[in-house]
Asks: 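If you scroll down you'll find the structure; I have some questions about it.
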Amino acid sequence: TANVIIVNLAKIKEAISYKVEVSQDSFVTVLYTFVSDTNYILINQATVGEELDYNSLYQVRVWLMLHLLSITVKWLCWDR
């Protein structure tokens with residue numbers, strides 16, 4: 001069984017897309033970056049092209065592209 005990271009964010013009405021970044025060193029380097037129009041993203045061997053490390057800590061940072069006031073588009077970051 002391969003490792004998987006599941007990103008399941010609350011659905012935000014104003015969100016146009018989600019940019020997910022994955023790191024193992026508090027974002028000194030970013031291992032993987034994904035852009036999706038859905039709030040549910042699976043990160044696994046099929047999406048990154050290699051197996052995720054066992055017994056390793058990963059950090060995930062999510063940027064939201066929001067459409068606000070019908071004219072403004074901004075990236076907001078959620079870091080966990």
Asks: What distance do K19 atom NZ and I41 atom CD1 have between them, rounded to the nearest 0.5 Å?
Replies: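 Here the interatomic distance stands at 12.0 Å.
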Asks: Would you mind reporting whether V48 and F34 have side-chain heavy atoms less than 4.5 Å apart?
Replies: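 Yes, side chains in contact.
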Asks: Identify the two heavy atoms, one from L52 and one from N44, that lie closest to each other, and give their separation to 0.1 Å.
Replies: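 Result for this residue pair: CD1-CA, 4.3 Å.
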Asks: Among Ile, Leu, Val, Met, Phe, Trp and Tyr joined by side-chain contacts under 4.5 Å, find the other residues sharing a cluster with I6 and list them by chain and number.
Replies: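 So far as hydrophobic clustering goes, I6 is joined with V4, Y40, L42.
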Asks: Taking only residues at least two apart or on different chains, which pairs with a member in residues 25-38 satisfy side chain to side chain donor-acceptor pair (under 3.5 Å)?
Replies: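 Applying side chain to side chain donor-acceptor pair (under 3.5 Å) to every pair that reaches into residues 25-38, excluding sequence neighbours, yields S23-D25, D25-T29, Y32-E50.
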Asks: Nearest 0.5 Å please: distance from the CD1 atom of I12 over to the CE atom of M65.
Replies: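 Here the interatomic distance stands at 13.5 Å.
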Asks: By side chain to side chain contact (heavy atoms under 4.5 Å, CB included), which residues pair with Q24, not counting sequence neighbours?
Replies: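 By the side chain to side chain contact (heavy atoms under 4.5 Å, CB included) rule, Q24 matches L31, D53, S56, Y58.
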